[in-house]
Amino acid sequence: MSAPTGEVYRVDWLPGTDLLLGTCHCGAEHTAQDPVEMWEWMLGHPEGHRPRGSTS
């Protein structure tokens with residue numbers, strides 16, 4: 001087993017929809033219907049990630 005990294009990823013289902021809302025450890029958020037797409041986005045850090053409040 002690997003050592004914990006301290007990174008927390010969260011995936012929530014948005015009730016009444018077919019959407020998942022993913023929140024990365026950096027605070028970036030992403031929605032997707034496909035769980036595989038969601039995990040690829042999360043684990044592809046930092047590509048496609050823009051932390052909340054980031055303007056760049």
Side-chain angles (χ1 to χ4, degrees):
M1 186 183 336
S2 62
T5 64
E7 296 175 350
V8 176
Y9 299 91
R10 181 181 178 123
V11 177
D12 293 306
W13 167 64
L14 298 175
T17 72
D18 291 334
L19 293 175
L20 300 170
L21 172 64
T23 306
C24 181
H25 63 90
C26 72
E29 294 181 331
H30 179 73
T31 56
Q33 287 185 330
D34 181 14
V36 173
E37 176 189 338
M38 179 63 68
W39 281 108
E40 287 175 348
W41 174 82
M42 288 185 160
L43 299 176
H45 193 65
E47 293 178 23
H49 285 72
R50 226 174 252 186
R52 273 184 255 156
S54 171
T55 57
S56 55

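This structure is a prediction, so every number in the text was calculated from the model and none was measured.
Both Y9 and L20 are assigned to one and the same hydrophobic cluster, defined by single-linkage of ILVMFWY side chains at heavy-atom distances under 4.5 Å. A continuous path of Ile, Leu, Val, Met, Phe, Trp and Tyr side chains, each step under 4.5 Å between heavy atoms, connects W41 with W39, placing both in one hydrophobic cluster. Under a hydrophobic-cluster definition in which Ile, Leu, Val, Met, Phe, Trp and Tyr are linked whenever side-chain heavy atoms come within less than 4.5 Å, directly or via other members, V11 and L14 are assigned to different clusters. Put simply, W13 and M38 are part of the same group of oily side chains (I, L, V, M, F, W, Y) that touch within less than 4.5 Å, one to the next.
Nearest heavy atoms, R10 versus M42: O-CE, 3.2 Å.
With rounding to the nearest 0.5 Å, the separation of CD in E29 from CG in D12 is 9.5 Å.
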